[in-house]
Every structure is written in structure tokens, then in C-alpha cells.
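The block underneath contains the structure these notes are about, expressed in C-alpha cells.
These numbers come from a predicted model, not from an experiment.
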Amino acid sequence: MDLRTNIRQQLPASAPRRPVTKRPLLVVALVLMTTTAAYALYQSVIQPDPGIQAVQMENRVIQVDQTQTISPPTEGDPSVAVTLDYAYADANRITVAFSAAAQPAEGEIDLFINPLLTDSSGRSFRWLTSSGQQARDVANSTVSGIMSFDASPITDAPAELALSLRLDVAYTTADLRAENPNAMLMSGGTEFSFTLPFNPGRTVAIGQTVTAGDLAIEARQAVIAPSLTRIDVCYDPTRFASGEWLAWAATVSLTVNDALVLDHQTANVEGFAEPTAACRAFTLPADLDTQAGAWTLTVHDLHNTSTNDIVPGDWAYTFNVE
């Protein structure tokens, strides 16, 4: 979903559109770029998750370092320089890091960026719901961000991906926030085209169903890539499909050849195309692609980070990774 669609869908039908400059006021729920699983908005430098840190250490990320300028849409609006910093792609995710800096005529502005990723065939990639971060420096009118997109629709193993990243930018000013704290103005958008090498990872069949309490979880396969491991699972979605249905996560542990590798770590639950979908993915943003041998993955619980509901386990799966 792009920024303008996000704005339109969050506007109540009767929302007034009073002009604050020459353009209409757009009333949205801060933070604009979130799904129900909100972005982590840091007030310090963004720290990539352990999986991205690992591929950075291994020099697998591609430095793009392209900057484009969004011209002021109307007189008196700020110009915004938008930069695509780096990118990375494997079988489980495509990650992009970006930043923007505005040049307001006076005062400061608070910037927000909404990323939309497509490939050369026009296919759009969904956000991984827990992967987005944006760090805003209002005093200096800058923002930096990182977003990972779900790469699971890529079912073949291309050597590289031809991609297009659109970054839409919105902002607020101190005066606008004082008048209406839920309002933003569109600055505009820009698009970057680039090519990334693609790491296909490896897929390991699991094919096991385990029941704990009254919940059976089928683990179908593990997709192990350098930045993230995905466990494709299916279960009855009934109890997870209402309320804060985007806020579920799992607590997991992993042993390899009886050695503890992960101890009660949080696995994100992805695949939220619709609340009643029976199949999801547990994702572990960790560097596990060198871990070979007998894996035992234990899911200790499913828990909702918004409501604090817990569905206790354990569900344990043992399989070999060569």
C-alpha cells in the first residue's frame, strides 16, 4: 500500500479537509506508515536486527548510495533529499535502508517515509510486519529507516532481482501539530531502480504436526537464508483472527546437535494477508545458515504483544539440515 492510499483509507468519511497551506489537510492516525503492528520509531541511530547485522559483517549487502530530490509541491514547502542507502535480498526477505533530509525555509519539520517495493514484472512485496524502523530527528528535519519485505513469493532461484523502490514522503510542522496533532502534508515521492544479487537459501522439509493443549500446529518446511530463517506453519486461525490479530508472536528455542543455539527467542508471525488465513510463517531474524545437523525447534507459546494473551505449548519438531 502506498502512502496516499494509506491516507485515504484512514480518513473518516466525514473528515473535513481544511486548507492549512495551498493544499488540503490530510488527517491520519500517527504514526502514518504503520500497520497494526506498529513501526519501532527510535530516537537514536537505527540498529538492524541480528540477521541483517550478520550479512553486513559478511559484506553481503549492496551499497546503493543514490540520492534524489523531491521538489517543493507548492511555494513555501520544503524540498526533500531522499537517499537509498543499501539493500539486500535472500529467499526470505528483501531489505532496504533509506533516509531523507528536508530544507525548510524556517523552523523544523517531522518527516515520515512510506516504502513500496516492486520487481521488474510489477509484482509488489508485502512488508514483514515487525521489521520496520524509522528514526526521526525533528530538530534537524531528517529521518532514516529500514524495511524488510517478504521474499517468499519468489519461488524460483534467480541470480539477481531487478527492483524498484518508491519512497513517499509526508511531514508535519510545529504549527500544524499544534493545530491538529493527527495531520500530515504530502511532500511527494521518488523512485529508485536497482539490481540485487539473490541468495536462494535452502529449503528443508519438516512435514510434522504436533498438538499441545487443543492447538495442532503443522510445520511444513524450513527456509534457511543468511539473514533470516522462516518456518512455514499451518494451524486453526480461529482464536487468532479477531481483535489485535496482527500482534501475535511466538517464543522459540533451537538446539542443533543438542547444543543450544537460540534460547526462548521471539519469532515474528508473518503472512497476514487476511485474519482467517490458516498458514503463516514463524520468522527468526538470525544467522542460522551455517548450522548443520539435527535441529530441534521448540515453540514454547504464541503470545499477543498488544493484549498479553498467551497460548502455551510446547510444540517441538526435530529434522535434519545438511
Atom pair [atom1] ([X]) and [atom2] ([Y]), whose distance is rounded to the nearest 0.5 Å:
X	Y	atom1	atom2	value
His303	Asp309	NE2	CG	11.5 Å
Asp287	Ile224	CG	CD1	11.5 Å
Thr283	Leu228	OG1	CG	5.0 Å
Gln66	Ser193	CD	OG	8.0 Å
Leu163	Ile94	CG	CD1	5.0 Å
Leu84	Thr67	CG	OG1	9.0 Å

Before giving the answer on side-chain contact (heavy atoms from CB on, under 4.5 Å), spell out for Asp85 and Val64 the whole-Å C-alpha distance, their side-chain angles and the decisive distance to 0.1 Å.
-> CA-CA 5 Å; Asp85 297 312; Val64 182; over 6 Å; no
Could you check whether the rings of Tyr235 and Phe240 sit parallel, tilted or perpendicular, using 30° and 60° as the cut-offs?
->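 The arrangement is perpendicular - the two ring planes meet at more than 60°.
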Would you kindly say whether [X] and [Y] are connected by a side-chain donor-acceptor distance under 3.5 Å?
X	Y	result
Arg177	Thr172	yes
Ser121	Asp119	yes
Glu244	Asn304	no
Ser164	Glu191	yes
Asp77	Tyr171	yes
Asn140	Thr142	no
Gln68	Thr190	yes
Thr118	Ser124	no

Do the non-hydrogen side-chain atoms of [X] and [Y] ever get within less than 4.5 Å of each other?
X	Y	value
His264	His300	yes
Ser144	Gln133	no
Phe194	Leu196	yes
Leu254	Leu288	yes
Ser227	Asn92	no
Gln291	Val261	yes
Asp214	Asp236	no
Val96	Phe149	yes

Steps toward side-chain contact (heavy atoms from CB on, under 4.5 Å) verdict (Val169, Ile70) = CA-CA 9 Å; Val169 180; Ile70 300 174; 3.8 Å; yes
Test Asn59 against Val61 for side-chain contact (heavy atoms from CB on, under 4.5 Å), laying out the working first.
-> CA-CA 6 Å; Asn59 293 318; Val61 300; over 6 Å; no
Treating Ile, Leu, Val, Met, Phe, Trp and Tyr as nodes and any side-chain heavy-atom pair under 4.5 angstrom as an edge, say whether [X] and [Y] lie in one connected cluster.
X	Y	answer
Val82	Leu165	yes
Ile113	Val138	no
Val233	Leu262	yes
Ile310	Phe282	no
Met147	Leu128	no

Donor-acceptor pair, [X] side chain versus [Y] backbone, under 3.5 Å?
X	Y	value
Gln53	Pro48	yes
Trp315	Leu215	yes
Asp49	Gly51	yes
Thr95	Tyr88	no
Arg93	Ser152	no
Ser306	Ala247	no

Of the non-hydrogen atoms in [X] and [Y], which two are nearest, and what is the gap between them?
X	Y	answer
Arg60	Asn199	NH1-ND2, 3.2 Å
Asp301	Pro312	CB-CA, 4.1 Å
Ser187	Pro78	OG-O, 4.2 Å
Tyr86	Gln56	OH-NE2, 3.2 Å
Ala216	Thr209	CB-CG2, 4.1 Å
Leu284	Thr266	CD2-O, 4.2 Å

Heavy-atom neighbours of Asp258 CG exceed 12 at 6.0 Å |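 No, because the 6.0 Å sphere around CG of Asp258 holds 12 heavy atoms or fewer from other groups.
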Does the pair Asp150 and Trp127 meet the rule for a side-chain contact (heavy atoms from CB on, under 4.5 Å), with working shown?
-> CA-CA 6 Å; Asp150 182 7; Trp127 297 342; over 6 Å; no
Charged N to carboxylate O below 4.0 Å: is that the case for Asp90 and Arg230?
->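 Looking at Asp90 and Arg230, the cut-off is not met.
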Let me see the working for Asp289 and Arg202 under salt bridge (Lys or Arg N to Asp or Glu O under 4.0 Å), right down to the final yes or no.
-> CA-CA 8 Å; Asp289 71 329; Arg202 50 187 162 157; 6.0 Å; no
